[in-house]
Every structure is written in C-alpha cells, then in structure tokens.
Amino acid sequence: MSAVAAAGVAVLALTACGPQPEPRVDEGTSATVAWSGELTSANAASAPGRTSGNLDVAAMTRAQFATIGERGEVLEDPSFGTATIVAEDPFTVRYDLADGLRWSDGVPVDAADLMLAWAASSNALSTPDLDLASLRGPSGALSLPEDAVWFDVAEPGGMAHATAAVRDDWARSIDVSFSQPIPDWRVAMDVAVPAHLLGQRVLGVADAMQAKQAVLEAIDRADPLLLHELAEAWIAEFAVDPHALDADALISSGPYRIDAVQDGRVELVANTDYIGERGASVERLVLQPVAADAAALAGLTAGELDVATIRPTVDDRIAIRDLERDDAIMIDASDGTRWELALRTDRAPLQSVDARTSFLRSIDRRSIVDTLHEGTAQASTITSSVLFRAETRIYDYAMEDAGFSAGLGTPDPEAAAALRQESGIAAGTEICLLHDRAAPFAAQALPLLQAQAAEAGWAVRDCGVDDLAAGLAQDDWNAVLQLVRVPQSVEQIDARWRGGGLTAAESAERDALLDEALRTADQDAREATLLELETSLVADAVVLPIVEPMRLTIATGGLQGVSPVPGTASLTWNAWDWSIESGAAAP
C-alpha cells in the first residue's frame, strides 16, 4: 500500500510541470460592477453555498470544462480539459484535464480534484436511503451520524446518475460511468473544491501532493468515517467570514482570484497562475454592493461604477441618454422570466382543446404589451415558445416547427367565438383568472384581457390573490396569469411539464418524450425530442406565452465584452472576455 501511495504522489507531482501562463493582463485596468449579491462561501456547488452572489464569484474563480453561452449554446474550454463520450453501455464520459493546470497557490489541478468532484456531485459513495429531510435542522444544515456520508450538493444534474469513476493519474483524467445517458455531460463535472486543501485540513497531511493522495485513498476505500469528515468539510471549510478571511480557502483555478472582502465589497485580481485560454484582460474587478437600480444608475453617471444592470423607468431616460452620448454600451437582454397565461384542463369550461384554443385566440398579446409599455422605458420581447427562451438557437427552430403562430399566436375574435360555439359553450361563460394582485403587469393587463376575451364571448372574472402559490393550490380557478422562470435545462422542463404540471394536461406521449430527452446525450437528437414536446403542448392549447421582460445592462469607461445572460452569474459568466479599449484604462 505504501509503495502504491508513493507512486501516486509521484504521478500527481508530474502535473506541477507544464506550460507557463501567457500574460493577457492589461496592467492598471480595473472595472467596478454593481452587485446585489454577497460572498458567503467559496463552494458554490454546495446547497448552502449556491447563492447568486457565490455563483457570481465562482464564475470568475473556477475554471470549467464548459459553460453555457448567451444563446444557450455549450462553450467548451479545451484549455481546461475535454469531456468525451468513450462508451455507450454503460454510458461513460472521460473528463481529461489539460497539461499544467494549477490552483492559485501553485498546486496542480489533477485527477484527485476530479475524483473529489465526482464523489461530491454524484454522492455515489454516500450512505444510501438517508432520510435527509429528517436530518436537516431549522437552518437547513444537515446533521448526520458519524458513519453516514452525504455531500450536500445543490444541483447534481446528470451526475446524480453517475455510478462509478476510474482514474488515470498519468493522463490526469477520470472515466465516469452513468446508469443512463445524460443531457448535460459536457458541463456536469464541477471542480468546485481543491482536494489538497481538504486533505490537509481534514486528514491532517501537511504536504499538498500527499494530501491529495490521502483524499484519493479515502475515496478508493470508500471509508465512511473519512468520507463523512470530507463531506462535512466540503461545505464548512469554504464558508467566508469577511472579518476573519481565510485566504487559503479562497484559492482559485480560474482567471481571477479573490484579493479582498470588506463591507460586502469583493475585489478580485487576475490569477497569475492561470494558464488557460480564458485569462483575464482587466487586471482588477470589484463587485460593489448597490442597493437599488436608482443607486446603480447614479453610480454609473458619477463614474463610480463601470457596469450595471437595471430596469429603467421613465425618469431615467435623460441619465441613460447622457451615458449613451458618452459612448456607454447599452445591452437589452432577457432576465430569464416570462409572463404567460396557463389554462387548467381538468375542469369546465376549458376541458376541450377547442375551448382552450377559443379562449387563447381571443387574446392579443401585442396589444397588451404595447398598451402597458406605452410611455414607459420598459423593454420586452413578445415570445412565442412554450419551452424555450426567445434569444436561444432552438427558439428559432420552434418557430418553424411547432405551429404556434398559426394555432395560437394570431388573435382572431371571430374565429375564437365560432370555436366556442362549436364546443357548445354559451356566450358569457365565466373564466376565473388567477393572478398576483400585487404584480403591476398582471393588475394592468387584467382589464385588457377581459375586454379582448369578451369579444369572443368569454367573461373573465378577476380572481386576484395576495399569495399566488396558495391560490394555485386551490380548486376554484380556470386560468392563471403568472410570471415564470423560463426553463434552462431538460430537468427544469421535466419539473414543469411532467404529468401536465399545473395545467393538469396529462399526456403519456409527452411524458415519454420527457423520458427520452432526459436519457439523450446527443444534442441534435435531444433538441428534436424537445421540439416534438413543444409541438404537442402548442397543439393542446394549454398555455399562451406572452412576453419576456428585459433588463438594460450599461457598460461605461471603455469596458468591452460584457454579454449578460439570464440565470446564474448573469454578468460575470464571461468576465474573462472583458477588456478595456485602448486609451480608456485607469491610470
């Protein structure tokens, strides 16, 4: 055993040699970002650590095999490593690290880090059949028996289906086997935690390379006592206390590393040990807490901020105009949400497809949005897809294939009235429309919806509530006007539409399509399946997507490359691609 361990250390040590970083940093440059988050943990993969603020920082301090781009595309980073399918049965993916990768303390990123990432995200070595709900305290933290193992990962994704991992130390790779093909295999491996740090702190091994080997041995032996300690430390050792900052726990594998945390403000500097293709150009980035959009706009105007995302009001027009005249870059982008009108199919009068089609075709979405936004500074995109965000590539395919425009997207009160009559539904039949009465869009859209539906013989009753979730749990509504988050993964689509979701439009065919999509690794085949699902939902007339609200991102001071996306790390996801144009650098 000692000979094997020594050999493992020697193999891992070889990865310390490799390419030296090619400097990209434009010395003296800096950018300050308006931020509404807070840094509480350097492990954003954990359940307690997965907050918006921690994810913002993780996007800059953790290199990854791939990220998701602004159009929903997978952006692979071969300078960190490659993910390759090496077997179909069982489905197996090789995660192979590039040469010479290092954490910012100079220790190599290697197979030990991959094995720890696999063990944590898959929980394949954890205690089966744990009743996690009963083991969680009021704060949400787990309290496990000493011989029980569970890595409290937030979103395992496809890694939840991982069953085994075999490493090749010489190649710095591991082969992960899954019980089924998974859609997110390119992005599923999240190297969120440095193995050597846990080995040093939990297993008491001072030397970094030997600490890695100790972690590997604990995983190889599936030792429950050691894995219990590793799992607990996987969360606890990366908590951030700004009053007693633990610099060792803040080491980075990405283009930036954390330099200071004070009063909620997080300062990051270019990581000089990073050797990948996504190296930083802007030397220093500052995440500056800003309480509200008005304060962010004021900070941009005063030159205290360089980039911020806001939802502008009419009163902001002059300030925005002046910034634009000073060559600020303005970017309108979806915030990842959508207003939609969903119909309940398990009760009269909307049980038939024709009845639902009649009601939805009475609604003029364009007229509603134009009326509500007239005289305001709000930007939005009329959306015509049930499943996909308007700015993504697959959305364009859905517009061609799903038949939304012909079936539901073109309002026609006369045709809607004829369909209602053919369905045997009397004029003046009432529809109880549930909505959050505190939401301005819903409250203002209601009278417009009522007037439009009346032209086709429908009577929309105001069923506004103070608690929409509680209202949806009741049995007395026919339709709901609500703001939802547009799904960004197959798992999120499944959670929304399995069994018909809140519309109760059960379909064995659609559930089978969801099963297929969840087990499909090929992107083209998966998209074809999801387009079939989209077409089926449109044909069943269960929901009318209306509009995607937009937010305005403003970049000043010559800052280039900012490209906001909805969801996690909306601004910082591509901070490595930011630059400051020549002549605009800070002195």
Side-chain angles (χ1 to χ4, degrees), residues 12-31 33 39 42-45 54-67 69 75-83 95-114 116-117 172-173 187 189-197 208-209 212 238 247-261 266-287 560-563 569 571-580:
L12 293 171
L14 289 176
T15 63
C17 303
Q20 296 301 307
E22 295 183 8
R24 285 187 61 214
V25 179
D26 190 354
E27 293 185 5
T29 55
S30 66
V33 182
L39 180 63
N43 180 8
N54 294 337
L55 287 164
D56 286 338
V57 175
M60 297 184 282
T61 59
R62 293 293 185 265
Q64 301 179 59
F65 286 92
T67 53
L75 302 175
E76 296 175 299
D77 182 9
S79 68
F80 179 74
T82 56
Y95 296 98
D96 192 357
L97 292 167
D99 292 345
L101 301 177
R102 295 191 295 271
W103 294 96
S104 56
D105 62 357
V107 175
V109 182
D110 54 31
D113 299 295
L114 294 180
L116 177 62
R172 298 168 305 281
S173 71
V187 298
M189 178 62 72
D190 184 2
V191 186
V193 166
H196 69 280
L197 185 63
M209 302 311 295
K212 283 177 176 285
F238 297 92
D248 290 341
L250 301 180
I251 60 175
S252 166
S253 62
Y256 285 92
R257 61 174 179 82
I258 298 168
D259 188 47
V261 181
V266 180
E267 296 189 24
L268 301 103
V269 294
N271 177 10
T272 54
D273 276 285
Y274 176 80
I275 65 168
E277 295 175 359
R278 295 180 175 181
S281 174
V282 181
E283 184 176 34
R284 181 173 292 269
L285 290 180
V286 178
L287 302 180
Q560 308 287 318
V562 176
S563 181
L571 277 181
T572 61
W573 75 277
N574 76 329
W576 48 270
D577 207 25
W578 295 4
S579 63
I580 295 178

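For the numbers below, each heavy atom of this structure counts, side chains included, while hydrogens, waters and symmetry mates do not.
Between the CG atom in L101 and the OG atom in S79 there is a gap of 7.5 Å [rounded to 0.5 Å]. Residue Q64 holds its CD atom at 5.5 Å from CG of D190, rounded to the nearest 0.5 Å. The distance from atom CH2 of W103 to atom CG of D248, rounded to the nearest 0.5 Å, is 13.5 Å. Rounding to the nearest 0.5 Å gives a distance of 12.0 Å between CG of L285 and CG of D56. Here the CG atom belonging to D96 is positioned 4.5 Å from the OG1 atom belonging to T82, to the nearest 0.5 angstrom. For the atom pair CZ (R102) and OG1 (T272), the distance works out to 8.5 Å, reported to the nearest 0.5 Å.
Annotation: side chain of D110 is in contact with side chain of M209 (closest heavy-atom distance under 4.5 Å). Using a 4.5 Å heavy-atom threshold, the side chains of L39 and N54 count as touching. In this structure, the side chains of Y256 and V282 come closer than 4.5 Å at one or more pairs of heavy atoms. Residues L116 and V193 have side chains in contact (heavy-atom distance under 4.5 Å, counting atoms from C-beta outward). Side chains of V187 and T67 form no contact here, defined as non-hydrogen atoms less than 4.5 Å apart.
Among all heavy-atom pairs drawn from A111 and S173, the shortest one is CB-O, 4.4 Å. Heavy-atom minimum distance, F238 versus A249: CD2-O, 3.6 Å. Considering every non-hydrogen atom in both I580 and S30, the closest pair reads CD1-O, 3.3 Å. Of all the heavy atoms in Y274 and S253, the pair that sits closest is CD1-O, 3.4 Å. The shortest non-hydrogen separation linking A569 to A59 is CB-CB, 3.7 Å. Nearest heavy atom pair, residue G81 against residue F65, reads C-CD2, 3.5 Å.
Just one residue in the list R62, R172, K212 forms a salt bridge (Lys or Arg N to Asp or Glu O under 4.0 Å) with D113, and that residue is K212.
The backbone N or O of S563 lies less than 3.5 Å from a partner atom in the side chain of W573, making a donor-acceptor pair. Although no hydrogens or angles enter the test, the distance criterion places no donor-acceptor pair under 3.5 Å between the side chain of T572 and the main chain of M60. No donor-acceptor distance shorter than 3.5 angstrom exists from the side chain of E283 to the backbone of E27, with no hydrogens or angles considered. At least one donor-acceptor pair closer than 3.5 Å links the side chain of N271 to the backbone N or O of G254. Looking at S104, its side chain does come within 3.5 Å of a backbone N or O of S252 through a donor-acceptor pair.
Remark: R257 does not engage D273 in a salt bridge, criterion side-chain N to carboxylate O under 4.0 Å.
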